[in-house]
Amino acid sequence: MSPPAGAEFSSVQISHQKLPAIHHPTQRVLCTMVAKLGFYSNAAQALREADLTGKTAIVTGGNSGLGAETVRVLASAGADVILCSRNVAAGQEVADSIAAGLADGTQPRAAAAPGAITVVQLDLADLQSVEAFAKHAAVARLPAIHLLVLNAGIMGLPTKQLTAQGFEAQWGTNHVGHQHLTQLLLPKMKAQGAPARVVALSSYGHNFAKELPLDDLNWERRKYGAWPSYGQAKLSNALFARELARRMEEDGVPIKAYSVHPGFINTALSRNMSGATVLQRVFSTLAAVPGLLGAVGAKTIPQGAATTVFACVAPELESRSGEYLADCQVGSDVPGIWGRRFCAPSKLARDGELARSLWEQTEKMIQAAL
């Protein structure tokens with residue numbers, strides 16, 4: 001079966017072939033079960049020795065930053081991973097590096113046999129690309145999808161831009177593309193009979209949204225701002241997970257959904273921000289002093305991916321579907337001033353009726369755009 005037009009893919013089965021490895025500034029051995037996960041936990045620790053052999057995961061934006069670390073850790077636990085990337089060559093380079101590191105022991109491994117990593121092209125700013133991905137042979141032939149990690153995103157665009165179908169770029173890429181992708185994959189996930197989880201990366205930045213006018217989601221009447229727009233996108237991610245959880249419970253299927261605040265991290269996500277170069281210099285300066293990043297509330301990439309991995313595997317979350325997570329905990333459960341300020345979801349993010357209305361409005365807008 002040939003791939004749809006515009007879709008490309010390649011596959012990496014982990015072997016002992018020598019390829020350049022990704023190196024991480026974290027410890028080289030997997031930690032055993034930790035008593036309590038939190039702010040300083042990294043993605044390997046959040047795995048807590050879970051064996052994902054035989055499981056399949058899809059990770060959007062898997063070619064860099066938090067996405068690449070998520071792919072690495074899930075594959076290290078035995079999961080076969082579809083790494084989604086707008087640029088197949090860039091995704092393949094990351095996949096090869098992860099595979100080589102897991103094969104030769106330069107990167108920690110949680111399973112006897114790491115999973116395969118398959119790279120498939122996906123551009124969330126184009127709903128036609130999303131549909132091509134869902135029909136792609138590498139995706140269509142999956143017997144099941146156990147983990148769907150909606151990680152890709154853009155942040156802080158200084159001027160208003162549009163997706164291929166005319167959605168405001170931050171909202172269209174971060175939310176609309178992911179909702180459409182999820183709805184295209186849900187029939188398979190419902191029919192498979194096996195439990196599954198959907199993890200949507202939100203952010204503390206969802207607090208930047210002070211309203212969510214369903215009749216102006218594309219900023220046609222409001223004055224566009226980089227951060228209010230980003231806040232709307234991240235609020236939509238949190239509301240999407242809440243509504244997906246409600247719908248799956250209503251349908252009686254074992255699919256759980258969570259949204260995640262990864263923390264304050266310097267990744268490629270900031271490349272389009274105004275002032276991005278200054279931000280990167282600040283992070284580089286802080287990172288040069290051991291312990292200083294954490295002292296000012298910032299995280300490394302392995303730490304930033306921890307809550308995502310926690311959302312994928314933590315058994316204690318089974319009864320908490322729909323929740324907003326931070327620091328490997330349910331955000332609203334994090335104690336203290338820091339927890340209430342940076343980890344708890346906003347009042348808007350907890351609004352179930354708003355979540356339902358947003359889902360329905362997004363569906364209508366996708367249908368009109370296609």
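Keep in mind it's a predicted model, so treat the numbers as computed, not measured. Heavy-atom basis, side chains included; hydrogens, waters and symmetry copies ignored.
Ring geometry, Y224 versus W219: the interplanar angle exceeds 60°, so the pair is classed perpendicular (tilted spans 30 to 60°). Between Y230 and F208, the ring planes lie tilted relative to each other; the angle falls in the 30° to 60° range.
Inspection of the T53 and D51 side chains reveals an N or O donor paired with an N or O acceptor under 3.5 Å. A side-chain donor-acceptor contact under 3.5 Å links W171 and S236. The closest side-chain donor-acceptor pair between E363 and H180, if any, does not fall under 3.5 angstrom. A donor-acceptor pair shorter than 3.5 Å cannot be found between the side chains of S41 and Q303. Remark: the T60 side chain and the H178 side chain contain an N/O donor-acceptor pair separated by less than 3.5 Å.
The shortest side-chain heavy-atom distance between F240 and T182 falls under the 4.5 Å cut-off. Contact annotation: the side chain of R350 approaches that of R242 to within less than 4.5 Å [non-hydrogen atoms, C-beta and beyond].
The cationic atom of K299 (NZ for Lys, CZ for Arg) does not lie both less than 6.0 Å from the six-membered ring centre of F264 and within 45° of the ring axis.
Note on I366 and L214: same hydrophobic cluster, where clusters join Ile, Leu, Val, Met, Phe, Trp and Tyr whose side-chain heavy atoms are under 4.5 Å apart, directly or indirectly.
Residues V94 and A68 share a closest heavy-atom pair of CG1-CB, 3.8 Å. For the pair L37 and Q329, the tightest heavy-atom approach, listed with the atom from each and the gap, is O-NE2, 4.2 Å. What you find for T173 and A125 is that their closest heavy atoms are OG1-CB, 3.6 Å. Of all non-hydrogen atoms in D327 and C343, the two that sit nearest each other are OD2-SG, 3.5 Å. When all heavy atoms are compared, the tightest approach of S346 to L235 is OG-CD1, 4.3 Å. Taking both residues in full, the closest heavy atoms of A95 and V119 are given as CB-CG2, 3.8 Å, listed atom of the first, atom of the second, then distance.
Partner Q232 forms a side-chain hydrogen bond (donor to acceptor under 3.5 Å, both in side chains) with one of R222, K210, Q170 and no other, that one being R222.
Although no hydrogens or angles enter the test, the distance criterion places a donor-acceptor pair under 3.5 Å between the side chain of H206 and the main chain of S203.
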